[in-house]
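Accompanying notes for the structure given below.
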Amino acid sequence: MATFSQSTLVKESDIFQDFLCSACQGKKLDKMADFYCESCLEFYCGNCINLHSQLFTNHATFGREHMKKWPVAKKVEDFLLKCDVHKEENVKMFCDEHSELCCTNCAFLNHRHCPKVTLISDIVKIQSTDLKKLSDSIQTILEEMRKLQCNQEASLQYVHNSFDEQLQKIHETRRKINAALDTIEQKTLHEMKDTLTKLQASRKDDIDKYISLQDELKQLRDAIQDISDKSKLELSFIATRKCKDKIQHCETFLKKNSLGNKVSITFLPNIDIVQYLSKLSDLGKIEHSAQTLMVQENPNKVFTVKGKSEHNVTIPSDLEVCDFRAICVLSEGQVLVADSDNKTIKLLDQQYLEVVSHCSVTILPYAMCQITPSEVAVTLRIEVQFITVNNRKLVTGRKLQLKHACFGIACHKEDLYITDQTALYKYTLSGKKVSKMFEDKSGPYTVNRCAVSPTGDKLYITNKTQHKLITLARDGSVLATFTDPALQEPFDVHVTPAGQVLVCGGRSDTIIQVDDEGRKKLAILATQEDEMVAPRSVCYNRHTASILVGLCNNSILVFKVQ
């Protein structure tokens with residue numbers, strides 16, 4: 001009788017079960033079976049089958065290469081037979097009206113009035129099944145579900161990134177409000193200090209006047225006392241007149257200031273500001289927008305070129321001929337180019353006609369990839385520089401210092417992939433090294449540029465020296481190697497949001513589209529006839545449905561595609 005392992009290797013489903021050797025189980029040993037005897041209905045491992053074959057020379061046995069002749073695993077059989085509603089019952093009938101499998105309980109409770117409830121044992125006599133076709137259909141649906149899951153995971157990461165970005169905007173808004181209030185406060189304080197200064201000056205003038213009048217009166221009093229017994233009539237008359245004039249002057253002054261009022265400074269708040277702020281419930285409106293997930297997009301849909309234009313992307317500060325080794329299009333449509341020879345990152349307008357912002361970097365920039373909706377990472381040969389687009393301005397941020405050279409770069413979710421021209425490394429966004437995924441030391445530039453599929457299950461690297469495009473699995477194992485006479489010294493590789501793979505041949509002056517498996521050429525999109533000379537970088541702009549190609553002659557080429 002068939003015996004099944006209860007501690008088996010699970011592969012995508014917990015109903016996958018292997019078989020144990022029946023003879024070994026009798027010895028209380030759990031050993032995987034390698035053969036099945038349909039005469040004995042028993043399973044045998046490699047050792048036990050030898051003894052069985054000696055005893056039963058006429059029995060037909062089947063190894064794992066003929067597992068189609070092995071019985072169905074009991075757990076698989078139970079999984080299929082058990083009723084989904086009444087777990088203790090087996091499915092035995094089929095209701096044609098409701099297209100439902102049913103056990104005896106289901107048939108009695110839910111289908112006793114249905115005109116056609118047939119025993120499955122009778123149906124299979126007249127109706128065949130195509131399990132291969134069903135398996136293919138399930139595989140197709142699983143693939144679509146996997147794509148949907150990957151898109152939803154990407155959407156989840158995108159919303160987290162957008163949350164972080166908008167959180168910064170909220171903090172920035174608060175800082176601006178604080179700065180505006182600080183300015184108003186400083187102006188108010190300055191006005192109050194001016195008022196204090198003026199009042200202090202006025203009171204000091206009055207005090208000085210008091211002192212001066214008192215001194216004058218004291219002098220007159222002393223003078224009168226000196227001449228009072230000297231019989232100096234003329235002096236007495238003059239003193240009398242001066243005293244009367246000064247007394248009158250002082251009396252007038254005293255009368256004018258007799259109230260002795262106290263002056264104070266009072267602040268009357270601008271109630272409009274307080275009332276306006278009290279009416280507000282937030283710093284701004286929180287909105288969300290949804291972008292259609294590209295679940296149904298075909299990664300092998302071939303681009304058709306509908307037109308071409310060339311754009312000069314120079315700025316007055318350029319000292320060398322521009323060499324555009326990298327192009328990146330952000331989620332909102334901003335286009336950035338890395339000008340290698342001028343050590344500059346440039347932000348273009350959406351028509352590629354003007355450089356709206358630029359920033360210098362310390363070392364020759366080589367490759368670039370998007371990190372968040374507004375942030376890119378640029379390799380500078382020995383480090384990775386993060387740059388943010390903020391209000392149409394480029395702002396340099398943090399740096400990653402690595403222990404090896406930095407050339408190609410790609411990002412998927414929290415994973416950062418970096419090449420050093422002979423190896424591909426995996427890092428976290430914080431700069432922690434995860435692993436060395438792939439290495440080829442057969443020559444220079446064997447692991448030059450890299451790109452990652454939208455789902456993250458495939459990585460593409462260019463081998464410039466040996467004219468190859470190599471496709472890797474998520475674990476770094478080689479899935480495919482592509483070569484073609486039309487692809488010489490492949491410089492850059494790019495994957496569109498739909499998964500289409502674009503490669504530029506630096507020496508063959510071509511842009512080639514390769515299938516997403518990295519095995520065959522789908523189309524040659526541009527050649528020397530399109531003024532394609534030594535292409536350095538390639539990128540797809542889904543906002544304008546165009547392929548952007550960076551050259552080393554001050555220009556980028558824009559191919560309108562469909």
Side-chain angles (χ1 to χ4, degrees), residues 132 135-137 139-147 150-151 294-305 367 369 408 410 412 415 417 419 421-424 426 437-440 442-443 445-527 532 535 537-540 547 549 559 561-562:
K132 175 64 169 61
S135 179
D136 291 343
S137 298
Q139 188 59 38
T140 301
I141 294 173
L142 285 174
E143 182 64 22
E144 293 302 321
M145 293 294 290
R146 184 186 64 80
K147 290 181 180 178
C150 291
N151 275 277
M294 296 172 288
V295 179
Q296 301 297 329
E297 290 196 66
N298 180 11
N300 294 321
K301 178 185 177 183
V302 179
F303 283 118
T304 302
V305 177
C369 72
H412 181 261
D415 297 326
Y417 302 96
T419 69
Q421 295 198 337
T422 59
L424 173 69
K426 182 178 180 180
M437 298 186 63
F438 178 81
E439 187 173 35
D440 182 354
S442 61
Y445 311 111
T446 53
V447 187
N448 193 32
R449 294 292 190 94
C450 63
V452 61
S453 65
T455 56
D457 61 337
K458 288 188 285 290
L459 293 155
Y460 306 91
I461 57 176
T462 58
N463 182 328
K464 183 180 175 184
T465 305
Q466 299 168 5
H467 319 293
K468 297 177 181 178
L469 174 70
I470 301 171
T471 304
L472 305 178
R474 198 191 302 266
D475 61 0
S477 59
V478 177
L479 296 175
T481 300
F482 171 78
T483 59
D484 192 275
L487 186 65
Q488 297 297 306
E489 293 189 2
F491 200 87
D492 193 18
V493 58
H494 172 75
V495 182
T496 74
Q500 294 144 302
V501 182
L502 305 175
V503 193
C504 64
R507 200 175 76 185
S508 53
D509 302 326
T510 53
I511 300 295
I512 292 178
Q513 182 177 351
V514 180
D515 75 310
D516 69 324
E517 298 296 329
R519 297 183 184 279
K520 62 180 180 179
K521 176 177 64 182
L522 297 180
I524 299 177
L525 302 176
T527 64
M532 183 71 61
S537 54
V538 61
C539 184
Y540 176 70
I547 294 174
V549 180
F559 294 91
V561 295
Q562 180 178 315

**Message:** Whether the side chain of T446 engages the backbone of D440 through a donor-acceptor N/O pair (distance < 3.5 Å, no angle test) should be reported.
**Reply:** yes
**Prompt:** How about Y540 and F303: are their ring centroids closer than 6.0 Å?
**Reply:** yes
**Message:** I'd like to check F559 versus V549 (side-chain heavy atoms, cut-off strictly below 4.5 Å). Are they in contact?
**Reply:** yes
**Message:** Suppose we screen for side chain to side chain contact (heavy atoms under 4.5 Å, CB included). Which residues come up paired with E143, at least two apart in sequence or across chains?
**Reply:** R146, K147
**Prompt:** At their closest point, which heavy atom of A367 faces which heavy atom of G408, and how far apart are they?
**Reply:** CB-CA, 4.0 Å
**Any donor-acceptor N/O pair, T462 side chain to D492 backbone, under 3.5 Å** = no
**Item:** Where M437 and A473 come nearest, the two heavy atoms and their spacing
**Value:** CE-O, 4.3 Å
Ignoring hydrogens and angles, write down the donor-acceptor pairs under 3.5 Å from the side chains of residues 452-461, residues two or more places apart or on other chains.
{"unit_1": "S453", "atom_1": "OG", "unit_2": "G456", "atom_2": "N", "d": "3.2"}
{"unit_1": "S453", "atom_1": "OG", "unit_2": "D457", "atom_2": "N", "d": "3.2"}
{"unit_1": "S453", "atom_1": "OG", "unit_2": "D457", "atom_2": "OD1", "d": "2.8"}
{"unit_1": "S453", "atom_1": "OG", "unit_2": "K458", "atom_2": "N", "d": "3.2"}
{"unit_1": "S453", "atom_1": "OG", "unit_2": "K458", "atom_2": "O", "d": "3.4"}
{"unit_1": "T455", "atom_1": "OG1", "unit_2": "D457", "atom_2": "OD1", "d": "2.6"}
{"unit_1": "Y460", "atom_1": "OH", "unit_2": "D516", "atom_2": "O", "d": "2.5"}

**Item:** Closest approach of A480 to G518 (non-hydrogen atoms, all atoms of both residues)
**Value:** CB-O, 3.5 Å
**Prompt:** Between the main-chain N or O of L487 and the side-chain N or O of T510, is there a donor-acceptor pair closer than 3.5 Å?
**Reply:** no
**Request:** From the options N300, L469, D515, T496, select the one residue that forms a side-chain contact (heavy atoms from CB on, under 4.5 Å) with V501.
**Result:** L469
**Asked** So, the side chain of R519 versus the backbone of L479: is there a donor-acceptor pair under 3.5 Å, distance only?
**Response** yes
**Message:** On a heavy-atom basis, which atom in G443 and which in T422 lie closest, and how many Å separate them?
**Reply:** O-CG2, 3.7 Å
**Message:** Looking at every non-hydrogen atom in both residues, tell me the closest pair between D509 and P535 and how far apart they are.
**Reply:** CA-CD, 3.8 Å
**Item:** Residue among K521, K468, H467 satisfying side-chain hydrogen bond (donor to acceptor under 3.5 Å, both in side chains) with D484
**Value:** K521
